[in-house]
Amino acid sequence: MKILAFETSCDETSVAVVEDGKKILSNIISTQIDIHKEFGGVVPEIASRHHIENILPVFTEALEKANCELSDIDYIAVTNTPGLIGSLLVGLMFAKSLSYANNIPLLPVNHINGHIFSSFIDNDVKLPAISLVVSGGHTNLYYIYEENGKIITDLLGETLDDAVGETYDKIARILGLDYPGGPHIDKLSINGEDILKIKKPKVDGYNFSFSGIKTFITNYVNNQKMKGNAISKEDIAKSLQEIIVNVLYDKILMAVKEKDVKTILVAGGVSANKRLREKFSEFTNIKTDKNEQIAVHFPKMEYCTDNAAMIGVAAYYDLKNNSQVELGKQYDVDAISTK
Ligand code: KG4
Ligand code: ZN
């Protein structure tokens with residue numbers, strides 16, 4: 001079964017062809033990072049306009065690379081929520097038109113679900129699992145398990161304020177680094193020391209809060225500047241990495257202790273982070289009740305940031321779960337900016 005998938009929720013125009021929910025026949029990504037860099041973040045209006053320019057060539061390339069014709073496609077999947085409304089609409093309208101004109105059923109997909117299922121590409125995931133989605137807009141923790149042949153994703157907790165990626169991007173901006181800041185901070189931290197030793201925010205249960213960390217670092221930088229002291233970007237980067245990675249690690253450790261967990265999945269743009277990958281490998285030292293080693297899966301780099309392959313894979317599992325929109329009602333599907 002072949003799914004043609006579209007992703008345009010933010011600043012990446014991406015089209016993929018996914019076979020049987022596992023095999024990625026193509027995954028073309030056209031990123032607008034260089035365009036938005038000069039503004040220090042994504043400008044929604046500019047993003048929508050570039051999606052309009054990019055979507056046809058990216059679609060054509062995805063079919064060519066997969067060696068497919070439209071007549072080979074069984075379903076068309078498209079991100080319809082959450083994201084920037086103008087950006088979502090470009091992908092949704094394109095996918096709807098293609099679906100209508102070629103009589104191929106349309107499957108709307110939740111972008112976060114896409115990130116969750118990106119971990120299923122190239123991995124044989126044993127459930128129950130904990131899934132952490134850490135991106136520019138989200139920091140969500142899920143418990144994923146199977147019930148009556150369906151895969152259930154229960155939200156355990158989420159950020160009460162800023163997302164992890166957003167925190168990286170905001171601190172990077174203060175340090176004068178380019179957007180998106182995560183990869184720059186990741187690199188700089190290698191030569192830094194954790195001089196700030198920021199305290200962990202006290203947040204109950206599985207929720208997170210990162211705005212205090214951002215305020216702490218902002219105040220530190222302003223104070224040092226006022227005193228005429230030089231600041232070390234490397235040390236600030238390292239201090240930020242340590243506190244964020246430790247907060248994420250602690251919440252997952254709590255879930256591992258409280259629940260039956262065989263696998264830990266980490267996805268979203270921040271899952272590319274080197275320190276996060278290194279620290280999370282420690283989970284493999286923990287044994288389950290049945291004395292099995294816990295598995296930790298990170299997606300390949302190209303599936304960490306926004307991409308259409310993950311949307312195709314999520315659509316495949318939606319179909320398996322029978323949770324897709326009723327055929328016939330698919331053209332009523334709207335783009336929704338928040339979840
Ligand atoms: O998933 P994504 O591509 O887009 C959203 O759905 O938001 O995530 C983008 C976010 C940005 O905030 C970026 O700074 C962050 O992922 N990011 C990183 C790294 N690579 C990307 N954050 C920390 N370390 C990285 N290596
Ligand atoms: Zn994303």
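Counting convention: from 1, in listed order, for ligands and their atoms alike.
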**Prompt:** Can you check side-chain contact (heavy atoms from CB on, under 4.5 Å) on Val221 and Lys225, steps first, answer last?
**Reply:** CA-CA 6 Å; Val221 172; Lys225 278 188 183 159; 3.9 Å; yes

Students should be able to answer this: which protein heavy-atom is nearest to [atom], and at what distance?
atom	result
atom 18 (C) of ligand 1	Gly182 CA, 3.6 Å
atom 15 (C) of ligand 1	Val270 CG2, 3.9 Å
atom 24 (N) of ligand 1	Asn273 ND2, 2.9 Å
atom 2 (P) of ligand 1	Asp306 OD1, 3.5 Å
atom 14 (O) of ligand 1	Asp169 OD1, 2.7 Å
atom 26 (N) of ligand 1	Asp186 OD2, 3.0 Å
atom 10 (C) of ligand 1	Gly136 N, 3.5 Å
atom 21 (C) of ligand 1	Gly269 O, 3.3 Å

**Prompt:** With a 6.0 Å cut-off on ring centres, are Tyr249 and Phe283 close enough?
**Reply:** yes

**Request:** Provide the number and element of each atom of ligand 1 under 4.0 Å from a heavy atom of Gly137.
**Result:** 7 (O)

**Asked** Side chain, backbone, both or neither: which part of His138 comes within less than 4.0 Å of ligand 1 when only heavy atoms are counted?
**Response** neither

**Prompt:** Which one holds for His115 and ligand 1: side chain close, backbone close, both close, or neither close, with close meaning a heavy atom under 4.0 Å?
**Reply:** side chain

**Item:** Proximal heteroatom of Asp306 relative to the Zn ion (ligand 2) (N/O/S)
**Value:** OD1

**Prompt:** Do Lys96's NZ or CZ and the ring of Tyr331 fall within the cation-pi criteria of under 6.0 Å and 45°?
**Reply:** no

